[in-house]
There are 2 protein chains.
Amino acid sequence: MTADGADVQDGDGQAEADSRTEPKQSPEIEVPAARERARAIPEAAVARLAVYLRALSGLADQNVSTVSSDELAVAAGVNSAKLRKDLSYIGSYGTRGVGYEVSVLIGQIERTLGLTRKHSVAVVGIGNLGHALANYGGFPSRGFPVSALFDLDPDLIGVPVGGIPVSHIDDIVKVCTEREVTIGVIATPAQGAQEVCDRLVAGGVTCILNFAPVVLQVPENVEVRKVDLAVEMQILSFHVARRQQEAAAEADQSAVDGADIGPPGSGGQVPGDVESADRMVERL
Amino acid sequence: MTADGADVQDGDGQAEADSRTEPKQSPEIEVPAARERARAIPEAAVARLAVYLRALSGLADQNVSTVSSDELAVAAGVNSAKLRKDLSYIGSYGTRGVGYEVSVLIGQIERTLGLTRKHSVAVVGIGNLGHALANYGGFPSRGFPVSALFDLDPDLIGVPVGGIPVSHIDDIVKVCTEREVTIGVIATPAQGAQEVCDRLVAGGVTCILNFAPVVLQVPENVEVRKVDLAVEMQILSFHVARRQQEAAAEADQSAVDGADIGPPGSGGQVPGDVESADRMVERL
DNA sequence: TAGTGTGAACCTATTCACAGCC
DNA sequence: GGCTGTGAATAGGTTCACACTA
């Protein structure tokens, strides 16, 4: 449960450890507003809220009006204690002995996640993946309209993809500013990614979803999330390997008095190439 | 930092809390082999090892033969203490006062991640995303050869995509078994995902990378990782919202003696639709 | 009675800081 | 002097278990 699949590569939020210095500065007024609360929601919980939201939408589609934490937990693939705690971060919207009203919960989670506002999206790099993102009908539908596409291939400029004409990378700043893009998706090869990122930032984009296999350098007011297929694959690979080792170890009933520990002819292949499983995503 | 971008939706590794019951069962032999160690590496560290590996490959390409933890940490976007600790889980391959030999580290990380073995990949759902994955040249190159593609669209069956002919979904079990697929990538709409998953598992696949927005049900010996664009977007959205709230709160210099806490006309939009930002990825 | 909300215990992960070594 | 490797301290997240309430 790394919950880190697509890890955030945040710039090491080290600096100002505790912005809100004292717990209760003046013991007078109970200042904590909803504002304060946003600060307080653990990262891990935020990620799950999005998952709950999907589960809830599914329930709403089936005209379910009420769920218990147990039911919702199952639908979302977590345990109910965690779910309740997560929900408690956004407030008390359940009814004891009954459960949660689906519509209320949807509303509250949307509010918390800031989904009550549209976020214009720009996709940069209209290669295979960029195409997929841009073409993708459900994408612009609601919540995250794709409002700009960029590439540097002259053959692509002006060509509409998913209904939106591709602009040139050189126009990122201008177009993003004009169209008030808030989320930039980088689907370029690794080489161009930092450059693209800089331009997006210059164009006022404060959130970036990065598919390129590079660690982006951004100012601290910009949020980057990274999705890395190579990393995902390699993590899976690790688990295969571990399982094989365990299986091999199981066969160690033979040697409780282990006679040297050489590779027991099981899964121990010779190191090979593989060198650039990493480069995998580069051309996506 | 959430490191959960593409979260693992692991089946709640609750059951057998401590498999290795006693620390040192028999005080005789020092049994801990490399085997034991794999168990011990924290999930979070595994994910980062993959990142380090990429950084190291980059260095190797530039003919750098030695790195310090500081240098590598910068390249990988983490801090050096974390990096050293992570590396310590796989052994002591550095030289004090000097640093790490790039080639050695690459070899060791690859070994740890099980990359010394090829992992056949099957992609199911040759829509936009599936196409992207299959077409993608760097993908099959090394480490993770794509050896099977599946879809249910009759028009696609037999058509080669990225050099591999698409098979029908009904043949998943047969083909996966034949070609010894170990990693299955699900890029279908949500509806079909569980069904596809079941077949992959029946075909001997033990690792699944799931792009479909559903919580897959799998036997406990199967590892699932999930990549969910909608969730990523929503997490970014949350951070935009939080920032806006902070900005708004900053404007609260006016009321240190806060006169009621109503929404100060800042970022408080009215809840809207958005309802299915969730459904976003469905057609990917 | 059924199920939420939450303090407290527990476990995992990150950071610190320094001993040990080249 | 510089840098690794690692215990110890801290922070962050999860689970437990139960008081509370509709």
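Residue numbers begin at 1 in each chain, while the letters A, B, ... track the order of the sequences.
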From CD of B:Glu71 over to P of D:dC3, roughly how many Å is that when rounded to an integer? 8 Å
Listed by chain and number, what are the side-chain contact (heavy atoms from CB on, under 4.5 Å) partners of A:Val74, not counting sequence neighbours? none
Restricting both atoms to N or O, compile the protein contacts to nucleotides 20-22 of chain D shorter than 3.5 Å, with distance only.
{"from": "D:dC20", "atom 1": "O2", "to": "A:Arg96", "atom 2": "NH1", "distance (Å)": "3.0"}

Expressed as a whole number of angstroms, how long is the span from B:Gln108:CD to D:dG5:P? 12 Å
Residue pair B:Ile41 / B:Ile90, side-chain heavy-atom distance below 4.5 Å: yes
In whole angstroms, the gap separating P of C:dT4 from CG of A:Leu87 amounts to 9 Å
Taking NZ from A:Lys85 and P from C:dA9, how many angstroms apart are they, rounded to a whole number? 12 Å
Can you tell me how far C1' of D:dT4 sits from CD1 of B:Ile90, to the nearest Å? 14 Å
From C-beta outward on B:Pro42, which listed nucleotide comes closest to its side chain: D:dT4, C:dA13, C:dT6? C:dA13
B:Arg84 CZ to C:dA19 C1', in whole Å, measures 13 Å
Interatomic distance where CG belongs to B:Asp86 and P belongs to D:dT4 [whole Å]: 14 Å
Taking C-beta and beyond as the side chain, do B:Thr66 and B:Val98 meet within less than 4.5 Å on heavy atoms? yes
Could you verify whether a donor N or O on one side chain and an acceptor N or O on the other, from B:His239 and B:Gln244, lie under 3.5 Å apart? no
Using a 3.5 Å distance criterion without hydrogens, assess whether the side chain of A:Glu223 forms a donor-acceptor pair with backbone atoms of A:Ile208. no
Residue pairs involving residues 98-108 of chain B (criterion side chain to side chain donor-acceptor pair (under 3.5 Å); sequence neighbours excluded): B:Tyr93-B:Gln108, B:Gln108-B:Arg111
Do A:Leu113 and A:Ile109 have side chains that get closer than 4.5 Å, going by heavy atoms? yes
Does A:Tyr100 have a side-chain nitrogen or oxygen under 4.0 Å from the phosphate oxygens OP1 or OP2 of C:dG5? yes
Considering only heavy side-chain atoms of A:Ser69, the closest of D:dG13, C:dC16, C:dT4 is C:dT4
What is the distance, rounded to the nearest whole Å, between atom NZ of B:Lys82 and atom P of D:dT4? 17 Å
Which nucleotide in the list C:dG5, D:dT6, C:dA13 gets nearest to the side chain of B:Ser88? D:dT6
Can you find a side chain N or O atom of B:Asn79 that sits less than 4.0 Å from OP1 or OP2 on C:dT14? no
